[in-house]
Every structure is written in C-alpha cells, then in structure tokens.
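Everything on this sheet refers to the single structure shown next.
Everything numeric here is computed off the predicted structure, so don't read it as measured data.
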Amino acid sequence: QVRLVESGGASVAAGGSLRLFCTVSGILVSSVHPDYMAMAWFRQASGKEREGVSIINPGGNSIYYSDSVKGRFTISRDDAKMTFYLQMHNLKPDDTATYYCAARPAYPGAAFSTRVGEYPYWGQGSQVTVSS
C-alpha cells in the first residue's frame with residue numbers, strides 16, 4: 001500500500017521560508033514504479049477548495065506551478081530517497097493552509113493535472129501558517 005507522509009509545516013512570519021517534505025513508502029511493492037509517478041503539492045485554506053500548487057512529473061524535468069506561487073516556491077524530488085520537497089520563500093499570509101502531498105501514476109511527458117480526483121495517493125496534511 002502506497003503511503004505518503006508530510007512534514008515541515010510550521011508558523012512563520014510573512015517573508016519567511018519553509019521547506020515541506022513528503023516521504024513515500026510502499027510504492028515498490030505496489031504495481032506502480034516510482035519512475036512513473038507524478039508528485040504534487042496541494043493546499044487547502046479554511047473554507048476554500050483544495051488547489052493544486054505544484055506538480056513534478058517523473059524524471060523531474062517537467063514542472064508546474066500555480067500563478068499564486070510561481071517564483072516563490074520550488075518543487076523537487078529525490079526518487080532514491082523516495083522523498084519530494086516544496087521549498088517556499090517569501091511566504092505571504094495568503095499562503096496559510098493545510099498542505100497535502102499527492103501522487104498519481106503518470107508517464108514523464110504526461111499533461112499536468114490539478115484535479116484532486118486524479119490523485120489516488122494522499123498524505124495527511126501539514127499546516128502552514130503565515131502571520132502578517
């Protein structure tokens with residue numbers, strides 16, 4: 001069974017930085033190979049829908065960022081460690097949310113998807129709070 005566990009969430013002042021981690025386990029015993037898994041970060045603020053923030057396709061060369069985080073956030077993956085990351089700089093109060101990592105089977109050239117329903121694997125969420 002594939003399992004995702006986030007860590008790194010915290011409370012910071014506006015302008016600060018955080019790095020989120022997502023460790024994946026169980027993938028090698030599933031029918032899906034890590035070379036064919038797209039990894040994504042979503043976030044959900046209180047009272048709002050879950051939104052896709054960043055996606056990294058297999059191989060790590062194809063990356064998506066939402067307009068709201070472009071230029072401030074960086075996604076990366078280390079398949080050898082079965083971990084992927086979201087480095088966040090210049091945080092704003094609007095970035096306050098619960099951040100979720102997610103994964104879905106995909107080929108390296110697959111189109112990006114920010115649809116929640118297309119990701120079968122999810123972490124439990126990590127809270128990020130940015131104060132003004």
Side-chain angles (χ1 to χ4, degrees):
Q1 183 177 352
V2 179
R3 184 167 178 249
L4 281 66
V5 179
E6 302 101 338
S7 60
S11 296
V12 296
S17 298
L18 282 176
R19 194 181 197 199
L20 301 182
F21 302 78
C22 180
T23 301
V24 183
S25 62
I27 200 168
L28 294 180
V29 297
S30 73
S31 60
V32 183
H33 193 276
D35 287 351
Y36 297 101
M37 293 288 279
M39 307 297 192
W41 288 97
F42 287 74
R43 68 184 182 186
Q44 188 166 18
S46 180
K48 295 187 178 181
E49 292 187 355
R50 193 169 297 189
E51 63 167 340
V53 171
S54 184
I55 302 164
I56 185 166
N57 271 354
N61 295 321
S62 183
I63 291 174
Y64 160 89
Y65 296 104
S66 67
D67 288 342
S68 60
V69 306
K70 198 174 296 182
R72 299 187 298 121
F73 290 11
T74 302
I75 192 171
S76 59
R77 61 191 289 164
D78 185 337
D79 289 340
K81 295 181 179 179
M82 300 299 290
T83 301
F84 64 111
Y85 312 90
L86 187 67
Q87 179 68 55
M88 304 182 292
H89 293 297
N90 191 22
L91 284 161
K92 305 174 181 180
D94 284 349
D95 295 318
T96 295
T98 301
Y99 284 71
Y100 298 89
C101 59
R104 73 180 186 111
Y107 288 99
F112 297 119
S113 174
T114 58
R115 296 182 178 182
V116 171
E118 294 193 8
Y119 289 81
Y121 310 115
W122 290 86
Q124 81 286 355
S126 184
Q127 180 66 36
V128 172
T129 302
V130 185
S131 58
S132 58

Check your understanding: If you measure from CG on D78 to OG1 on T83, what distance do you get to the nearest 0.5 Å?
Key -> 6.5 Å
Review point. Is there side-chain contact between R19 and L86, with heavy atoms separated by less than 4.5 Å?
Key: no
Review point. Is R50 positioned over the aromatic face of Y100, cation under 6.0 angstrom from the ring centre and no more than 45 degrees off axis?
Key: yes
Check your understanding: For the residue pair S126 and G9, what are the closest heavy atoms and their distance?
Key -> OG-N, 3.0 Å
**Study point:** Euclidean distance, Q127 CD relative to T96 OG1, rounded to 0.5 Å
**Key:** 7.5 Å
Exercise for review: Could you pull out the closest heavy-atom pair between F42 and T114, with the gap in Å?
Suggested key: CE2-O, 3.4 Å
Point to revise | Note, V128 side chain near L18 side chain (heavy atom, < 4.5 Å) | key: yes
Review point. So, do V5 and Q124 sit near enough that their side-chain heavy atoms are less than 4.5 Å apart?
Key: yes
Point to revise | Common cluster, Y65/L91, ILVMFWY with side-chain heavy-atom separation under 4.5 Å | key: yes
Review point. Y121 and V116: same hydrophobic cluster, using ILVMFWY side-chain contacts below 4.5 Å?
Key: no
Practice item. Examine R104 relative to Y119 and say whether NZ or CZ is less than 6.0 Å from the centre of the six-membered ring and inside a 45° cone about the ring axis. Key: yes
Review point. Any link between M88 and V53 through a network of hydrophobic side chains (Ile, Leu, Val, Met, Phe, Trp, Tyr) touching at under 4.5 Å?
Key: yes
Check your understanding: According to a 4.5 Å side-chain heavy-atom criterion applied to Ile, Leu, Val, Met, Phe, Trp and Tyr, with indirect links allowed, do M82 and V2 form part of one hydrophobic cluster?
Key -> yes
Study note, to complete from the structure: Between the OH atom in Y64 and the CD1 atom in I75, the distance rounded to the nearest 0.5 Å is 11.0 Å
Review point. Going from CH2 on W41 to SG on C22, what distance comes out if it is rounded to the nearest 0.5 angstrom?
Key: 5.0 Å
Point to revise | Chi angles and distances behind the side-chain contact (heavy atoms from CB on, under 4.5 Å) call for Q87, L20 | key: CA-CA 6 Å; Q87 179 68 55; L20 301 182; over 6 Å; no
Check your understanding: Taking all atoms of both residues into account, what is the closest heavy-atom pair of C101 and E6, and its distance?
Key -> N-OE2, 2.8 Å
Point to revise | Gap separating the NZ atom of K92 from the OG atom of S68, nearest 0.5 angstrom | key: 8.5 Å
Point to revise | Closest non-hydrogen atom pair, S76 against F84 | key: O-CB, 3.1 Å
Study note, to complete from the structure: Note: S17 and H89 closest approach over all heavy atoms is OG-ND1, 2.8 Å
Point to revise | Contact summary for P58 and A106, nearest pair of heavy atoms | key: CG-O, 3.2 Å
Check your understanding: Between Y99 and F73, what is the ring plane arrangement, given parallel below 30°, perpendicular above 60°, and tilted in between?
Key -> tilted
Point to revise | Rounded distance (nearest 0.5 Å) linking atom CH2 of W122 with atom CG of L4 | key: 10.0 Å
Practice item. Just do the side-chain hydrogen bond (donor to acceptor under 3.5 Å, both in side chains) check on S113 and E118 with the steps written out, would you? Key: CA-CA 7 Å; S113 174; E118 294 193 8; 2.8 Å; yes
Check your understanding: Would M37 end up clustered with F21 when hydrophobic side chains under 4.5 Å apart are linked, directly or stepwise?
Key -> no
Exercise for review: Give the C-alpha distance, both sets of side-chain angles, the deciding distance and a yes or no for salt bridge (charged side-chain N to carboxylate O under 4.0 Å, His left out) between D79 and R77.
Suggested key: CA-CA 6 Å; D79 289 340; R77 61 191 289 164; 3.0 Å; yes
